Amino acid sequence: MTPTQRTRTYWLEHAWLDTNVEPGVALEVADGRITAVRTGVDAPPPGAEILRGLTLPGLANAHSHAFHRALRGTVQVGSGTFWTWREVMYSVADRLTPESYHELARAVYAEMALAGITAVGEFHYLHHAPGGTPYADPNAMGEALIEAAADAGIRITLLDTAYLSAGFGQAPNAHQLRFSDGDADAWAARCSLLKERDHARIGAAVHSVRAVPADQLATVASWAQERRAPLHVHLSEQTAENDACREAHGRTPTQLLADHGVLGPRTTGVHNTHLTDQDIALLGGSGTGTCMCPTTERDLADGIGPAVALQAAGSPLSLGSDSHAVIDLLEEARAMELNERLRTRTRGHWTAAALLRAASADGHAALGNPDAGTLATGAPADFTTIALDSVRTAGPVPRLGAETAVFAATAADVRHTVVAGRHVVRDGAHTLVPDVPQALARAIDALRA
Ligand SMILES: [Zn+2]
């Protein structure tokens, strides 16, 4: 993505300025960044791009596995668990090539842009050809994802994932050979070949304590530490993982990560569902973030993680669509609050502003972009506009809060998405991928044929 070089003015009918909704805001944008924010601008200045509705900072999808999108709608029949779902997921993973993955991810990231998402954290572990043979370019699959994000006009943080074992002391199974580099040193050597670009950051991930042997966790953590790169890890999504970890190491997954230097302010635990009070204290005390994926967690019958307690302990919250059962960050945001309401039978655990912060600024920070997620001078010109005149959002225009956007709007209400000053979605249509539904259908059909 080349940021637009020319100066441009956007006039926002309403804008979310971190604490309140402001009517009539002009944003000056140059070289992909916001250079001025003017409030009290009642009418669009001449030549300005007019964004009607409520403009928010671009949303951050902090946890994605792009290829899971191919499963949508096909894994809802019958009973089962996370583990039976995983078998179906592996059958899709078995068929992907760099070409077909690029095709699919381009369409999935275009769907994200249509949902107001300006940056994705791609938790990427599908590294090698079937059987585990490296491609001629050992990062062909990761490069396909970086290119797909550019083609869809969004930012990506490629969280290149170490996935080395099937379980504690178990070699990778036949499906997982594609994921494994053999050991953490080989993982690090491959990752070190990846280059950052204007639209792409490189980060690291530990798939889970199941998939990276304890004595290799520090190698991954050091790689991220040396680069000051984000480090993500699936953590305690399932009680079975906790049980196996206790059996193998006599401690919880969180404690194991803490003991091997994985926790810290650039680290994000994904799911953080089944935790002890001590785990919560370790995560919060170390400043480790928490990425909740409520639509996936409910889809996979994972459980409800202690997000309120984690945040109170010091863990910043972000949100991800993970398995892409749906791609709608507004739904993820309200689902976090609504899950808590069901669990506690009380309301009001987070304000709409706090939920929006998780869906934007704190999500971008978890992806290594701490200056994003705000409509302020110097921030990247990444924003999205929610229609306030749809069947879902019509009514009084919000004066104080973002409640309509967070509690009533859906991805279908996203009217515009601008990334680095480039209009990626205009009036609900993607400007770079002409027919996103068709692109999705074509890419998924090719995999399932
Ligand atoms: Zn995941």
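Note that ligands are numbered from 1 as they come in the structure, with each ligand's atoms numbered from 1 the same way. Worth saying up front: this structure is predicted, and the values here are computed from it rather than measured.
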Handout entry: Contact flag His65/the Zn ion (ligand 1), N/O/S atoms, threshold under 2.8 Å
Key = yes
Exercise for the section: For the Zn ion (ligand 1), find the closest N/O/S atom on Asp322 and give its atom name. Expected result: OD1
Handout entry: Short N-O contact, Arg298 and Glu331, less than 4.0 angstrom
Key = yes
Handout entry: Lys/Arg-Asp/Glu bridge criterion (N-O < 4.0 Å) met for Arg197, Glu143
Key = yes
Exercise for the section: Determine which of the N, O or S atoms in His63 is closest to the Zn ion (ligand 1) and give its atom name. Expected result: NE2
Problem - Heteroatom N/O/S of His234 within less than 2.8 Å of the Zn ion (ligand 1) - result: yes
Practice task
Considering only NZ, NE, NH1 and NH2 on the basic side and carboxylate oxygens on the acidic side, decide whether Glu196 and Arg227 come within less than 4.0 Å.
Solution key: no
Exercise for the section: Please determine if Arg334 and Glu337 form a salt bridge, counting it only when a charged side-chain N lies under 4.0 Å from a carboxylate O. Expected result: no
